[in-house]
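Take a look at the structure set out below.
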Amino acid sequence: MGVTDKQQPVLQMSGIHKHFPGVKALTNVSFRLFPGEVHALMGENGAGKSTLIKVLTGVYSIDQGTVELEQKAIRIGSPMDAQQAGISTVYQEVNLCPNLSVAENIYIGREPRRFGRIVWNEMNRNAEQLLKRRMNLEIDVTLPLHHYSVAVQQLIAIARAISISAKVLILDEPTSSLDRGEVLQLFAVMSRLKSEGLAILFVTHFLDQVYEISDRITILRSGELIGEYRASELPRIDLVSKMIGKELHLLEELPKEAKSANEGKEPFLQATALGKKGSIEPVDMAIMKGEIVGLAGLLGSGRTELARLIFAADKADSGEVLIEGAKGGVHSPRQAIDNAIAFCSENRKLEGIIDDLTVRENIILALQASKGWFQTISKKRQIEIADEYIKALNINPPNPEHLIKNLSGGNQQKVLLARWLLTRPKLLILDEPTRGIDIGAKAEIQKLVLSLAREGMSVLFISSELEEVLRVSDRIVVLRDRHKVQEMQGEELSQSNVMKAIAGG
Amino acid sequence: MFNRKFIPIVVTLGLFILMFAVGSFRYTGFFSLQVFNNLLIDNAFLLIVAVGMTFVIVSGGIDLSVGSVIALTTMVSASLLEQGWPPYAVIPVVLLMGAGFGWGMGAIIYYFKIQPFIVTLAGMFLARGLCYVISINTIIIDDAFYTKVAQTKISLPGGNFISISVIIAIVVVAAGFYIAHYTRFGRNTYALGGSEQSALLMGLPVKSTKIKVYMFSGLCSSLAGVVFTFYMLSGYGLHAMGLELDAIAAVVIGGTLLTGGVGYIVGTFFGVMIQGVIQTIISFEGTLSSWWTKIVIGVLLFVFIILQKLLSERKWTLRS
């Protein structure tokens, strides 16, 4: 392993605090990185991983704390500062210029020049050698970057990073759009760089990959440091429980009262081998009428991807979907809506609410769209509808003419729910419906989901919060690393079972 | 190995040769070096403006003010000469004015994060309006230096000739080519057009590049204004009306992507030449209205934009 505590860390962050208005993004976080190690930074959504990385790369400044590089305190004010100090980052979406040649992408800003004139031959030769020697990559460096796959672009980005004499290399979710072969190629490069003494900070959601390549693991949760561990000494189940914040022995609880049995219920939707390359492996699943199916798994396990395939927001490249036993399936969101499927997106800011419209207008939107724009709904009728849902969902303030952007997150979510409920869906897909809203509103939304199911609506419920999924679901489908790993119901439903399934091997 | 990225440029070159050939077969006296030289003489100012415009469009922006800056340059030149300023003072002053005007627009675009379209549209109205503050009438230039430059014919072997403006335009095209391909400023401009976000994260000087691009375009516009003054020997607020659109058309026909990141100075050169050759053909035809130039250019633009779309469809899948 090569890392001993006697060695000096190349990077040491101590007592880092970072606040955003209303949010403590990082509280007293310390982190150290040794030369010649791959160090995984783990944590669920909102744990503070990306804030920590943005601090390191100079995108955010810190409120308090110190950053030392090779025992010298440094201040990182911009991405340029970070690069000059020797901290380079390769992001998930490759941040290079697709229109420039491979060689230019590696050397732009540092091109070899003679009397101010860029010497292209030298640059191309250098790039070729660099890629061959350090990345084991033999490609035509004069072609534009977009000729190559994301995996190769990733390696080119790493080549650029290390050729700026990086001491610390940050890889932020580098594997999320790579296939298995490409991941192995990347890992080979990482191992080689590690043996050359580079310190690599690796962020990923894939547990298998963490154990495959990392020497040590640092876990963050809710902006706080949970601990630093050797990968070989941290069992998977402990890793997951530390990320989620529950010790396993606390989870052995009483068996829950059996949820309404599914026998005799007809399926509303059946998916067979539904999958998309690079997004989620083929999955079989069914949702009965009046049933709530929970999708559990870590961030990046393929939850949202699966939901989007069912709604046909993304095109599946294998499998088919049967609605109420009828073939033909769903090939576009339009068809999904025609089949009475509603999708409440996880990203309510981007794909849901329309800031500058009123609560009433936001509620009426989907219904109006399904009627076509020429059959207008009278203003009086609109207000009636809005009032009805404001009352039913307890939307606050109870004023249909309020601009939605002035509502709290929880109330915005309720407005979105109202919008889709109004279209009388038979299947409601809820992707993280309670993210970022307060506990009271969460409970209300959960209650509402349960009562909708009792009235016969099917629900696909996605949430990062295990407790919540367990509370509402009749059946839970567990995903890990883009596979469906288990399906459980009835008495099997317990936090510890689901957690074991999430952690896997 | 033949690179796909050169297809638009080859198409442009091929089209120019084709049109010149058609003209040569159809009209006697068309196929001569002098007809080609006249293309250069009549379009020297457009060439200069189009070089600046190429940089702006490659960087992902647009500059609508160029025509107005030309008019303002002719106006300021004529008025200063009228007041007895010597030409060697007038020319640097108007060049500085153009560069400063571009710098100002670039700074507004960068610091306030406003779309270049709006900022340069405002610049266009501003510069055009300022012309009329100076005078609402044409100001004739009778300065000896200007008339001398305007009338000088540089003889070429075989009895052909070009003007001084052509020399200036060719120098600008060559300089543009060099800057685009062999300087950091040029390459940063391409990077900026490819992805501003990436350019920033790669540690490139996004701010100075962006501002310099508009400054360069402003400088080119005022230089084109000087050349235009030689050509017209007058200053007038209505000069070079709509020229910005001709320049944009030339750049696009030359294979530069309006979305930025891809473009060639050589392509722009032939883009201007194609517009010139269409005009020449129409004047040889004799009976056709000169508005046919616009019709042909309109059709060409459609064809080229669709061609680019088809060629780039597969390229930009990187950022879905």
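Treat the numbers as computed from the prediction; the structure is a model and nothing was measured. Hydrogens, waters and symmetry mates play no part in the numbers below; they use all other heavy atoms, side chains included. Residue numbering restarts at 1 for every chain, and letters A, B, ... go by the order of the sequence lines.
Of all the heavy atoms in B:S195 and A:L96, the pair that sits closest is CB-O, 4.3 Å.
Heavy atoms from other residues, nucleotides or ligands lying under 6.0 Å from NZ of A:K72 number 12 at most. Taking a 6.0 Å sphere around CH2 of B:W103, one finds it holds 12 or fewer heavy atoms contributed by other residues, nucleotides or ligands. Enclosure of atom CZ in A:R75 is not indicated, since only 12 or fewer non-hydrogen atoms of other residues, nucleotides or ligands lie within 6.0 angstrom.
Summarising the geometry, atom SG belonging to A:C97 is positioned 7.0 Å from atom CG belonging to B:L204; distances are rounded to the nearest 0.5 Å. Expressed to the nearest 0.5 Å, how far OG1 of A:T57 lies from CG of B:L201 amounts to 8.0 Å.
Residues satisfying the side chain to side chain donor-acceptor pair (under 3.5 Å) test with B:T120, not counting sequence neighbours, are none. By the side chain to side chain donor-acceptor pair (under 3.5 Å) test, A:E111 is found to be paired with B:R184, residues two or more places apart in sequence or in another chain being considered.
Using a 4.5 Å heavy-atom cut-off against chain A, the contacting residues of residues 169-183 of chain B are B:Y178, B:H181, B:Y182, B:T183.
Both the backbone and the side chain of A:N105 have a heavy atom closer than 4.5 Å to some heavy atom of chain B. Of the two parts of A:L100, only the side chain, counted from C-beta on, holds a non-hydrogen atom closer than 4.5 Å to a non-hydrogen atom of chain B.
Residues A:N95 and B:Q197 are in side-chain contact: their nearest non-hydrogen atoms beyond the backbone lie under 4.5 Å apart.
Each salt bridge (charged side-chain N to carboxylate O under 4.0 Å, His left out) pair with one or both residues in residues 159-177 of chain A, not counting sequence neighbours, appears once here: A:E70-A:K167.
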